[in-house]
Amino acid sequence: MKPIITALKNNPSLQRQLRLLVVICCLLCIPQLASAHAMDLKNLPTKDVAALYLKLGYTHILPLGLDHILFVLCLFFLSPKLKTVLWQSLAFTVAHSITLGLCIFGVISPPSHIIEPIIALSIVFVAVENMIVSELKPTRMFLVAAFGLIHGMGFASVLKDLGMPEDKFATSLITFNVGVELGQITVILIAWLLVGKWFSKKPWYKKRIVIPISAVIAVIALYWTIERTFFAG
Amino acid sequence: MRKYLYPILIGFTGILLVCIFLFSKSPEKKAATLKLRTGSIALGGEWVETKKVIESLLAEIELNPENYTAKLNLSKGYIQEARITGDHAYYDAAALVLLDDVIANEPENFDALCCKATVLLSQHHFSEALKVAKTALPINPNNAFIYGLMCDSYVELGQYKQAVKMADKMINIRPDIRSYSRVSYLREIHGDLDGAIFASKLAVDAGFPGLEETAWSRMILAHLYEMKGHLDSAEFQYQTALKERPDYAFALAGLGKKEKVNGNYKKAISYYRKAEKAIIEYSFSDELTDLYRLNGDPKNGYKSAYRVIEMLSPLSGDDESVSGHGHYADRELAYAYLKINNTEKALKHALLEYNRRPKNIDVCETVAWVYYKQKNYTKANVFISKALRTGSKNPNLLCRAGLIKFKAGKQQEGKKLLELAFKNNPVLSDIKLKNEANYYRFKK
């Protein structure tokens, strides 16, 4: 045990990695926050509602939201610097919170049979863009925000199906969004720990990692786009 | 070539976007189909007739998805089918989808609102049921059934004064099997057993022999007779129900209970197994848990106990975080967990139910009993006092209350309650509880 502690003390990089691992483990524990029982939401205390919707937001990304995971991964692979990708993730969350709120309050009600294929198409777009651009451009941030608006409409249909407590509307909406953001951060941190940290500075990073992975994601997303457009229902 | 790639990507995305707007269709919501019945309930003309009616309604809806009359009738068919087969999880959800569709198009459809409240009651969503019933009331305040729905909601929410008012209004408008049954139950929980039996008899007489609701009324009457210690009268009701409605599962279970009380465990098991085969009903498996254990077969007892938990968990919404279509079965789950000595989970479910309806006496009794099993007698005493507030003379409740009071240091009060529980020599099918209560009753 002692040599490990000494090694840790003398190695700041190892300390950082360990901290990151602890953060990821904590984030992965979010689904254990609230008990999974049918509840009369009206009678639940605010803290329980917050925990429940935080969990719902988180699990809507991890493990349930494969399309959102692929979208976040596309953002990550083009520029695997943690700071940059976390900013993009935040822009995406802010954008989807706007449309999610508008949908929940009934200001807009886009049909899900249109929104779902567009969400898939947005993944195709960013995946292909990853393959054809050489570096991250400032326009990506606007694009991410625009797609965030679309994804928010997708989240709305899920929340509407689940139902929201009338008297704790703001709490549930905010905590759901926080849960989504935490889910995205988990995906980014895991991807960084598995890929970004080790290979992002390699000269072959783009050729051997970004292009093949983005191609696979693009094919999957294209399949979803076609399936959701022509074969749903 | 490279400079053209981005415009190509944008063009390609644009084309796909146009395709999405042109070709994506809103998914059609198909009505849930009828499940085939199995066992004895599949025999006889009633099933043939039900199948014919429901299939023709499904065909009508397929042909014209905007035929809301057909949708309403189909939902009624599914509500009835849920009662007959016991498959509430499937049919209640199916009926609710249809009813929501009807109400979305005709928000003032009184019939649809009543049906929706009925389904919500069946799913134990009592607050929602009351809300829907209150919406329907001004549309047709002269309809007796709506008062019945409100009465049921108030009872389950523990608002007994309002429940009595609603039952009075209901019986004044239409004295029939439904209103007499409600009066009977309200009298029972207020400790007027003779009055309850009288009303229950009227309910049975008002019912058409052979119909499920009449057979169910006989079960209620039999249960009241058992509380008064009139075993023969209870058995007569079970036998009559079986004559009028062969293989009626609850009547078979009633006969099983009688055998259990008489110590004929093997015979009791065979009755309950027959009932279990007829319909989906957790309480039969729950009784079998006790019976196997009493019969010296703990292995099958545990199997049965876990089967109950398996049956109830999806109903309580264990699989979904929040569901508009799930059943709340937490009170039942609390008792089920007690049977496998998992008091922690039992308490969790009991409190979930208490959180929904803190005024209901049955729920208070459940919480009290779980605390008793956890040896937390002070808390158990608080909840059991709430459970006793209507003056119910249910021997199970009185036994539990007596034991709790005893352990909470109120021996005199406890003894009094135990004496009251055994006053009429009632049928106590919970043998373990009966023995425990008798021990303290005669303890000096």
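Residue numbers start from 1 in every chain, and the chains themselves are labelled A, B, ... in the order their sequence lines are given, proteins ahead of strands. Side-chain atoms are counted along with the backbone in the values below, which use heavy atoms only and exclude waters and symmetry mates.
A search for side-chain contact (heavy atoms from CB on, under 4.5 Å) contacts involving B/Val155 returns B/Cys151, B/Tyr160, B/Ala163, B/Tyr185, B/Leu186, not counting sequence neighbours.
Closest of all the heavy-atom pairs between A/Leu121 and B/Thr13 is CD2-O, 3.6 Å.
With a threshold of 4.5 angstrom between heavy atoms, A/Glu129 approaches chain B through its backbone and through its side chain. For A/Pro117, the parts lying under 4.5 angstrom from a heavy atom of chain B are both the backbone and the side chain.
Within residues 220-229 of chain A, the residues approaching chain B closer than 4.5 Å by heavy atoms are, in numerical order, A/Leu222, A/Thr225, A/Arg228, A/Thr229.
Between A/Phe125 and B/Tyr6, the ring planes are perpendicular. Angles over 60° get that label, and only those under 30° would be called parallel.
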